[in-house]
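First the structure, in the form of structure tokens, and then the observations on it.
Worth saying up front: this structure is predicted, and the values here are computed from it rather than measured. Numbers here simply count residues along the sequence, with the first being 1.
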Amino acid sequence: MWPLYVVAGCRRQLLSGGAPTYTAFPSCSIPARTFAAAAAIKTRKRGKKEDKEPEVKKEPRVIDDKDRHKPFGKTAWAPVDDVYILRYYPRTVYSVADAVDLLKSYQVLDFTAHNQPVYVDLKLDMKLEKKKKVDPFVSTVHLPHPFKTEMNKVVVFTEDVNQANVAKEGGASFVGGAELIQPILDDEIVADFYVSVPEMLAKLTPLKNKLRKKFPKSNRGSVGINVPKMLELFKTGHEYAVESECYVRTQIATLDLPKEHILANLQTILMDVCSHRPANMGPFVKRAIITSHTSEALWFNSDDLLPKLAEE
């Protein structure tokens, strides 16, 4: 290995000899402005983000299929063959009368029970202004054509002798005061509805966990001083509730009832459901389905049974 001083001497000889000399380029150091420029770019970007206008939410694209030769994303408006794939065609929405006729025809073709229950499934628009929602509710209505053969069992809580006599004459199954609490806890007394006068509510606290949704409440009409009126409502009334925040699923009739009776019961349910939404908030029912115990579900137009708003 050559010593370092020999290499250094050869280098001096090479530069000082006959070999052509080259002027060295002036040494240029990288200025510190590079970092300053990068900082300026970041500051400029940050300023752009701060000055950027707020993003405007794009409204969902609404496609009008009225004047199209076929619905968007589907094969055609209606299938030509008897056997077809459902997802390639838009879902058929029937009128209420046609839907009930189809349910009755399915029962005959399938040889199923003629008195099977008929159900309705409603999806509600619970949204209000300023991110508020309609609270889920429970309601009891009188159907114009009841389908139950037996009356509901009603328990009346009162300690007034006169009110107790009126309740017994009105057809209450059980009438009494605090002495009914323990039999109810022991499942010796079971009823469909429990009504009470306001003076008894403080004494009925031990029954809250037992009765839960059936516990008497004023907003459900099961607390009041008019005992005959409450008995008249709950003895023959039909109760339904909003489930899963926006769905109403309830029986409305049996399939052996005449078509007009089924439509009348359905209209009563729809009118009562829509009464729980403010009048100025628009339509309440987003989707309506009717079905029997053994048939397929049929989508129907609920507007056929609702009153038309008067045009200005």
Side-chain angles (χ1 to χ4, degrees), residues 86 91-104 106-107 110 112-128 133-153 191-194 211-215 217 219-222 233-234 236-257 259-278 281-306:
L86 288 176
R91 185 179 297 278
T92 304
V93 179
Y94 301 94
S95 65
V96 182
D98 291 343
V100 175
D101 289 337
L102 285 174
L103 292 181
K104 288 182 173 292
Y106 293 157
Q107 181 270 321
D110 297 339
T112 54
H114 68 285
N115 59 345
Q116 58 184 299
V118 178
Y119 302 98
V120 67
D121 186 331
L122 306 175
K123 183 179 181 181
L124 308 180
D125 183 9
M126 305 288 281
K127 295 181 180 179
L128 296 175
K133 293 184 178 181
V134 179
D135 295 330
F137 53 88
V138 179
S139 183
T140 304
V141 296
H142 272 299
L143 296 178
H145 305 284
F147 54 87
K148 292 182 180 179
T149 56
E150 298 180 357
M151 289 189 178
N152 300 320
K153 293 182 179 180
D192 299 309
F193 296 98
Y194 300 82
L211 300 181
R212 296 187 179 181
K213 292 183 179 180
K214 293 183 178 181
F215 189 82
K217 291 185 178 180
N219 58 356
R220 297 182 185 177
S222 55
L233 173 63
F234 291 104
T236 58
H238 175 73
E239 185 181 61
Y240 69 89
V242 176
E243 306 172 359
S244 302
E245 296 185 354
C246 64
Y247 293 96
V248 172
R249 302 181 178 98
T250 184
Q251 183 180 352
I252 61 169
T254 53
L255 201 55
D256 58 338
L257 290 177
K259 173 183 174 181
E260 293 75 14
H261 293 185
I262 298 176
L263 295 179
N265 287 354
L266 178 57
Q267 184 178 26
T268 302
I269 294 291
L270 287 172
M271 294 284 289
D272 189 76
V273 167
C274 293
S275 66
H276 289 82
R277 184 177 175 87
M281 294 306 297
F284 197 23
V285 180
K286 297 175 64 176
R287 186 263 292 148
I289 300 174
I290 189 172
T291 181
S292 64
H293 189 65
T294 59
S295 73
E296 63 180 273
L298 302 176
W299 269 245
F300 70 92
N301 187 6
S302 61
D303 295 338
D304 296 342
L305 296 178
L306 295 176

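Residue Lys104 comes nearest to Asp256 through the heavy atom pair NZ-C, 4.4 Å, listed as atom of the first residue, atom of the second, then distance. Of all heavy-atom pairs between Glu245 and Lys133, the closest is OE1-NZ, 4.5 Å. Taking each heavy atom of Val96 and Asp304 in turn, the nearest pair found is N-OD2, 3.7 Å. Between Leu305 and Met271, the shortest heavy-atom distance links the atoms O-SD, 4.4 Å. Here the closest heavy-atom approach between residue Ala99 and residue Phe300 is recorded as CB-CB, 4.3 Å.
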Would you mind writing out the side-chain donor-acceptor pairs for residues 136-146 within the sub-3.5 Å range, not counting sequence neighbours?
| unit_1 | atom_1 | unit_2 | atom_2 | d |
| --- | --- | --- | --- | --- |
| Ser139 | OG | Asp272 | OD2 | 2.7 |
| His142 | ND1 | Thr236 | OG1 | 3.2 |
| His142 | NE2 | Glu232 | O | 3.0 |

Name each donor-acceptor pair under 3.5 Å that joins a side chain in residues 113-124 to protein atoms two or more places apart or in another chain, with its distance.
| unit_1 | atom_1 | unit_2 | atom_2 | d |
| --- | --- | --- | --- | --- |
| Gln116 | OE1 | Ser292 | OG | 3.4 |
| Gln116 | OE1 | His293 | N | 3.1 |
| Gln116 | OE1 | Thr294 | N | 2.9 |
| Gln116 | OE1 | Thr294 | OG1 | 2.9 |
| Gln116 | NE2 | Thr112 | OG1 | 3.0 |
| Gln116 | NE2 | Ala113 | O | 2.9 |
| Gln116 | NE2 | Thr294 | OG1 | 3.3 |
| Asp121 | OD1 | Arg287 | NH1 | 3.1 |
| Asp121 | OD2 | Arg249 | NE | 3.2 |

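Considering CE of Met126 and NE2 of His276, their distance stands at 9.5 Å, rounded to 0.5 Å. In this structure, CD1 on Ile252 lies 11.5 Å from CD on Gln267, to the nearest 0.5 angstrom. Separating the CD atom in Glu150 from the CG atom in Asp192 is a distance of 9.5 Å, to the nearest 0.5 Å. To the nearest 0.5 Å, atom CG of residue Leu270 and atom CG of residue Leu263 are 10.5 Å apart. The distance from the CG atom of Leu298 to the CG atom of Leu103 is 5.0 Å, given to the nearest 0.5 Å. Interatomic distance, Ile290 CD1 to Ser295 OG, rounded to the nearest 0.5 Å: 8.5 Å.
A centroid separation of less than 6.0 Å is found between the aromatic rings of His238 and Phe147.
Residue-environment remark: NZ (Lys153) stays at or below the threshold of 12 foreign heavy atoms within 6.0 Å.
Judged purely by atom type and a 3.5 angstrom limit, Asn265 has no side-chain atom pairing as donor or acceptor with the backbone of Ala253. Side-chain N or O atoms of Arg277 include none that pairs as donor or acceptor with a backbone N or O of Leu128 at under 3.5 Å.
Two residues are said to be in side-chain contact when any heavy atoms from C-beta on lie closer than 4.5 Å; Phe234 and Ser222 meet this criterion.
Among pairs with a residue in residues 94-103, those fulfilling salt bridge (Lys or Arg N to Asp or Glu O under 4.0 Å) read Asp101-Lys259, at least two apart in sequence or across chains.
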Exercise for review: Check step by step if side chain to side chain contact (heavy atoms under 4.5 Å, CB included) holds for Gln251 and Tyr240.
Suggested key: CA-CA 9 Å; Gln251 183 180 352; Tyr240 69 89; over 6 Å; no
